[in-house]
Amino acid sequence: MISRSLLLLRRITRQLWFRVVAISLFSLLALAIAPLLAPILPPDWEDRFGREAVLPVLTILASGMLAVTTFSLNVMVSAYRTASSMATPRVYRLLLEDTVTQSVLATFTGGFVYSLSAVILFRAGIYPPGSAFVVFVMTALVVMLIVLAILRWIDHLSDLGSMDHTLRLIESRSCSSLRARKETPCLGGCCLTTEPPSSASPIPASQSGFVRFVDMAALNRRAKEAGVTLYLTRLPGEFVLRGRPVAMAEGADEAFCKEASGLIDVGDVRSFEQDPTFGLTLLAETAQRALSPGVNDPGTAYEVMGRLTRLLWENLPEDSEATKSEADFPHIQLPPVTASALLKASFPPIALYAGDAPEVMDWMQTSLKALEHHPNAAMTRAAQEMRQDYFENS
């Protein structure tokens with residue numbers, strides 16, 4: 001279980017600007033090293049690879065990379081908007097974390113910063129004559145990296161923004177979230193199956209929004225020091241209003257409640273880190289969009305239900321097995337993520353739009369029948385109940 005500081009660091013590294021800035025700074029560092037390497041080179045290399053040999057290449061590279069970067073940004077924005085309109089608007093934030101797109105754009109921007117900075121340094125006379133050969137070798141390496149990035153970008157563009165790429169991306173992140181919850185039941189805490197004691201003090205939410213992340217390690221450490229038992233009443237992904245209880249603490253004072261509130265991150269939008277239902281919701285919303293009268297694409301709904309069935313079959317969390325003796329954070333208790341809740345986030349939203357599409361409902365019935373054979377008894381029971389509600393009692 002990662003801490004809140006590591007989570008913030010990971011969120012920063014997933015943003016587009018981070019890679020762009022990192023590679024741009026690396027290119028400037030390479031230019032700063034060039035004068036230091038010049039004295040160790042043979043003198044005759046300076047005559048063969050002077051500034052006249054490298055400046056034209058740098059000039060072409062600077063002008064070309066500016067155009068390529070601008071064009072690639074336009075393509076990226078257009079593709080992401082298309083994907084958002086076909087699937088669900090909430091997938092846009094997920095698409096912005098695409099590592100291939102980030103790496104390619106960072107390489108283009110870094111090449112532009114490198115070449116333009118090198119031209120400025122040469123024109124200003126800051127570089128000594130022997131630095132030209134070092135810059136020439138570095139420029140050759142930069143050109144090779146740019147060519148590889150262009151080839152990678154061309155291959156990626158053939159799939160970028162398509163429905164297949166979007167669904168694969170959502171399923172991949174959903175799988176990671178479900179698998180993390182499966183490997184760490186109840187986020188490392190204990191399973192809470194009853195109501196918190198009435199004597200427990202409420203821990204208010206710091207702001208209105210969705211619970212995004214709970215720093216379980218820090219909360220457990222503080223609870224252990226204060227001799228407190230903490231009961232989470234709002235799971236990640238649930239909405240809470242500012243000042244309303246997000247957790248309860250038995251034996252806690254006001255100072256502890258205030259500190260604990262700061263360790264529960266509440267934001268405007270949901271996130272994947274500790275919310276295993278978010279990806280299922282995005283897939284269901286994609287199927288809803290496909291079944292809308294303006295789109296009328298039942299094939300996408302079939303594919304979505306297939307992915308949902310696969311996710312629930314292979315990566316079902318087992319929170320009910322989180323006992324106090326096995327918990328990593330025994331001072332924290334929270335409600336389990338149930339098989340019924342995962343099913344309700346997956347299939348009922350699709351059924352809402354599939355009333356006039358019997359072939360889609362037939363596919364849903366087939367998916368639920370398949371989940372009735374799940375090795376987890378809770379999933380078997382939940383799938384049977386949902387199938388009876390939609391098909392046998394209708």
Side-chain angles (χ1 to χ4, degrees), residues 83 86-88 90-91 94-95 97-99 159 161-185 236-237 270-291 295 297-321 336-354 357 359-391:
M86 290 191 305
T88 169
R90 274 148 294 283
V91 80
L94 187 59
L95 291 168
E97 298 178 0
D98 183 15
T99 56
D159 200 34
S162 66
M163 181 62 75
D164 290 340
H165 172 260
T166 304
L167 290 178
R168 281 198 305 270
L169 194 60
I170 300 175
E171 183 182 9
S172 176
R173 288 298 299 274
S174 303
C175 181
S176 300
S177 182
L178 287 166
R179 190 171 297 165
R181 191 57 175 258
K182 183 178 182 180
E183 294 173 354
T184 311
R270 297 171 67 178
S271 66
F272 281 93
E273 280 82 16
Q274 294 180 341
D275 183 3
T277 63
F278 186 37
L280 304 178
T281 300
L282 293 183
L283 286 171
E285 288 179 352
T286 302
Q288 286 181 310
R289 176 67 63 87
L291 292 173
V295 180
D297 178 21
T300 296
Y302 302 156
E303 185 175 353
V304 166
M305 285 188 285
R307 293 176 185 271
L308 288 170
T309 306
R310 179 165 57 204
L311 285 169
L312 295 175
W313 179 269
E314 298 179 358
N315 303 284
L316 179 68
E318 299 176 354
D319 279 4
S320 58
E321 298 182 3
V337 172
T338 62
S340 177
L342 295 174
L343 275 180
K344 288 179 180 178
S346 304
F347 293 105
I350 302 175
L352 186 65
Y353 278 70
E359 67 279 8
V360 176
M361 295 302 292
D362 288 343
W363 190 289
M364 184 181 298
Q365 185 175 18
T366 301
S367 299
L368 292 174
K369 283 182 178 179
L371 291 174
E372 289 179 10
H373 299 282
H374 198 283
N376 185 287
M379 174 57 74
T380 298
R381 185 167 55 254
Q384 289 174 346
E385 292 176 355
M386 183 170 289
R387 188 171 66 85
Q388 290 174 358
D389 291 340
Y390 277 105
F391 301 101

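Since we're looking at a predicted model, the values are computed, not measured.
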List the atom of [X], the atom of [Y], and the distance in Å for their closest heavy-atom pair.
X	Y	result
W363	G306	NE1-N, 4.1 Å
L291	P298	CD2-CA, 4.0 Å
P349	A345	CG-O, 4.0 Å
A339	A382	C-CB, 4.3 Å

key: Trace of the side-chain contact (heavy atoms from CB on, under 4.5 Å) decision for L342 with V337   = CA-CA 8 Å; L342 295 174; V337 172; 3.8 Å; yes
Side chain proximity check, [X] to [Y], heavy atoms < 4.5 angstrom:
X	Y	answer
T309	F347	yes
L95	L169	yes
P375	W313	yes
L308	S367	no

[X]: partners by side-chain contact (heavy atoms from CB on, under 4.5 Å), with sequence neighbours left out:
X	result
E314	R310
T366	none
R168	D159, D164, H165, R307

key: Stepwise side-chain contact (heavy atoms from CB on, under 4.5 Å) check, E97 with L94   = CA-CA 5 Å; E97 298 178 0; L94 187 59; 4.3 Å; yes
ask   = Crowded around K344 NZ? As in, over 12 foreign heavy atoms under 6.0 Å?
value = no
key: OH/Y353: more than 12 non-hydrogen atoms of other groups inside 6.0 Å   = no
When rounded to the nearest 0.5 angstrom, what distance separates [atom1] in [X] from [atom2] in [Y]?
X	Y	atom1	atom2	result
C175	F272	SG	CZ	12.0 Å
E385	L368	CD	CG	11.5 Å
L178	L311	CG	CG	6.0 Å
M86	S162	CE	OG	6.5 Å
K182	R179	NZ	CZ	8.5 Å
Q384	M379	CD	CE	12.0 Å

message = Before you tell me yes or no, could you show the steps for R90 and E285 under salt bridge (charged side-chain N to carboxylate O under 4.0 Å, His left out), namely the whole-Å CA-CA distance, both residues' side-chain angles and the distance that decides it to 0.1 Å?
response = CA-CA 9 Å; R90 274 148 294 283; E285 288 179 352; 2.9 Å; yes
Anything under 3.5 Å between a donor and an acceptor, one on a side chain of residues 275-284, the other on a protein residue two or more places apart or in another chain? List them.
from : atom 1 : to   : atom 2 : distance (Å)
D275 : OD1    : R270 : NH2    : 3.4
D275 : OD1    : T277 : N      : 3.2
D275 : OD1    : T277 : OG1    : 2.8
D275 : OD2    : R270 : NE     : 2.9
D275 : OD2    : R270 : NH2    : 2.8
T277 : OG1    : R270 : NH2    : 2.9
T281 : OG1    : T277 : O      : 2.9

Candidates N376, L343, T380 - the one meeting side-chain contact (heavy atoms from CB on, under 4.5 Å) with L371 = L343
request  = Kindly write out the residues that satisfy side chain to side chain donor-acceptor pair (under 3.5 Å) with R289, not counting sequence neighbours, or none if the list is empty.
outcome  = none
query = Which pairs pass salt bridge (charged side-chain N to carboxylate O under 4.0 Å, His left out) with one or both residues in residues 369-383, sequence neighbours excluded?
reply = E372-R387
task = Check the pair E318, R181 against salt bridge (charged side-chain N to carboxylate O under 4.0 Å, His left out), reporting the backbone distance first and the verdict last.
result = CA-CA 8 Å; E318 299 176 354; R181 191 57 175 258; over 6 Å; no
inquiry  = Test side-chain contact (heavy atoms from CB on, under 4.5 Å) on T166 and T286; report intermediate values, then the result.
reply    = CA-CA 10 Å; T166 304; T286 302; 5.8 Å; no
